[in-house]
Amino acid sequence: DQQVKQNSPSLSVQEGRISILNCDYTNSMFDYFLWYKKYPAEGPTFLISISSIKDKNEDGRFTVFLNKSAKHLSLHIVPSQPGDSAVYFCAASAKGGSEKLVFGKGTKLTVNP
Amino acid sequence: NAGVTQTPKFQVLKTGQSMTLQCAQDMNHNSMYWYRQDPGMGLRLIYYSASEGTTDKGEVPNGYNVSRLNKREFSLRLESAAPSQTSVYFCASRGQVEGNQPQHFGDGTRLSIL
């Protein structure tokens with residue numbers, strides 16, 4: 001039973017355009033959501049997060065949107081750059097769960113020059 | 001800034017051998033975690049330690065043991081390695097006990113069991 005789902009294994013966009021990565025979750029107890037970026041042979045790197053009390057969080061080129069009623073979040077990257085090419089993982093944790101993270105399977109983003 | 005350091009980076013074992021994966025963090029974090037990542041899968045939690053002196057099972061604990069040696073170090077032990085434990089293992093740490101904080105990851109240990 002996958003609690004965090006990233007239904008697109010891969011996404012390809014042109015440099016300078018917008019990248020939109022999607023994530024759905026099933027557990028209504030999740031209250032903190034994160035996006036991690038992962039390059040080959042490296043560990044995941046924290047990118048941006050959002051608490052369930054917000055519906056948007058922005059950090060430079062990266063914006064995360066949360067739609068609690070739909071149990072859906074998305075990561076927007078504008079403008080996309082070739083260095084953004086990586087695997088992006090969506091993760092979630094529940095309040096009182098010792099901040100254990102539940103990860104999606106990841107989306108491989110390729111930004112073409 | 002070392003952050004989270006994992007050793008070794010690579011290891012090949014034979015079925016039945018034992019091994020300890022080491023993890024140390026220099027950020028004075030309270031919580032530490034062990035995950036495994038298999039091809040086409042997200043990271044799955046093996047064990048975690050919410051604070052020094054405590055450990056708890058995660059989603060996939062079978063075949064593993066852990067030790068929170070002190071605040072800095074959290075080790076993962078495979079007592080009798082099996083081919084199904086071939087994976088990439090990531091250690092992570094997190095700061096304050098309460099409140100929303102991200103976990104910070106090491107670069108992983110790539111373990112192959114023949």
Side-chain angles (χ1 to χ4, degrees), chain A residues 1-10 21 23-27 29-54 57 59 62 64 66 86-108, chain B residues 1-7 9-10 21 23 25 27 29-52 54-61 68 87-110:
Chain A
D1 179 24
Q2 226 182 322
Q3 298 185 70
V4 177
K5 300 177 184 178
Q6 293 178 257
N7 291 319
S8 298
S10 63
L21 293 88
C23 178
D24 297 296
Y25 62 95
T26 58
N27 189 342
M29 297 300 291
F30 288 150
D31 68 342
Y32 183 50
F33 304 88
L34 308 90
W35 286 94
Y36 284 86
K37 179 168 74 172
K38 187 183 180 302
Y39 294 119
E42 294 184 9
T45 301
F46 169 70
L47 193 58
I48 192 169
S49 64
I50 188 167
S51 165
S52 60
I53 62 174
K54 294 184 177 182
N57 190 26
D59 184 0
F62 303 92
V64 55
L66 176 62
V87 177
Y88 288 79
F89 290 99
C90 172
S93 67
K95 190 174 182 180
S98 297
E99 309 309 325
K100 294 178 290 184
L101 292 179
V102 179
F103 283 82
K105 291 184 177 182
T107 296
K108 183 176 182 179
Chain B
N1 286 341
V4 179
T5 303
Q6 293 184 235
T7 56
K9 294 190 184 303
F10 304 93
L21 280 61
C23 175
Q25 52 90 10
M27 297 174 282
H29 283 175
N30 292 307
S31 304
M32 297 185 74
Y33 308 81
W34 276 106
Y35 294 87
R36 62 177 287 175
Q37 185 192 13
D38 300 299
M41 300 287 288
L43 282 73
R44 292 183 292 169
L45 183 65
I46 305 171
Y47 269 93
Y48 67 100
S49 171
S51 61
E52 187 178 356
T54 69
T55 62
D56 283 289
K57 295 178 181 179
E59 180 185 355
V60 289
R68 184 73 183 265
S87 189
V88 182
Y89 291 84
F90 290 102
C91 177
S93 70
R94 178 183 165 274
Q96 61 193 66
V97 176
E98 295 182 3
N100 291 328
Q101 287 288 321
Q103 294 179 18
H104 299 272
F105 287 81
D107 281 339
T109 293
R110 284 147 187 83

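B:Leu45 touches chain A through its side chain: at least one heavy atom from C-beta onward sits under 4.5 Å away, while N, CA, C and O do not. In this structure, chain B has a heavy atom under 4.5 Å from the side chain of A:Lys38, while its backbone stays farther away. Only the side chain of B:Arg110 has a heavy atom closer than 4.5 Å to any heavy atom of chain A. At a 4.5 Å heavy-atom cutoff, the contact between A:Ala41 and chain B is made by backbone and side-chain atoms alike. Within the 4.5 angstrom heavy-atom criterion, only side-chain atoms of B:Gln37, from C-beta onward, approach chain A.
Nearest approach of B:Gly106 to A:Pro44, heavy atoms of both residues: O-CD, 4.5 Å. In this structure, A:Tyr32 and B:Pro102 approach most closely via the heavy-atom pair OH-N, 3.5 Å. The minimum heavy-atom distance between A:Lys100 and B:Tyr33, with the atom names listed, is CA-CE2, 4.5 Å.
Here the straight-line distance linking atom CD of B:Glu59 with atom CZ of A:Phe103 works out to 11.5 Å at 0.5 Å rounding. Atom CD of B:Gln103 is separated from atom OG of A:Ser93 by 8.0 Å, given to the nearest 0.5 angstrom. To the nearest 0.5 Å, atoms CZ (A:Phe89) and CE (B:Met41) are separated by 10.5 Å.
A:Leu101 places a side-chain heavy atom less than 4.5 Å from the side chain of B:Tyr35.
Counting only distance, with no hydrogens or angles, the side chain of B:Asp107 and the backbone of A:Glu42 share no donor-acceptor pair below 3.5 Å.
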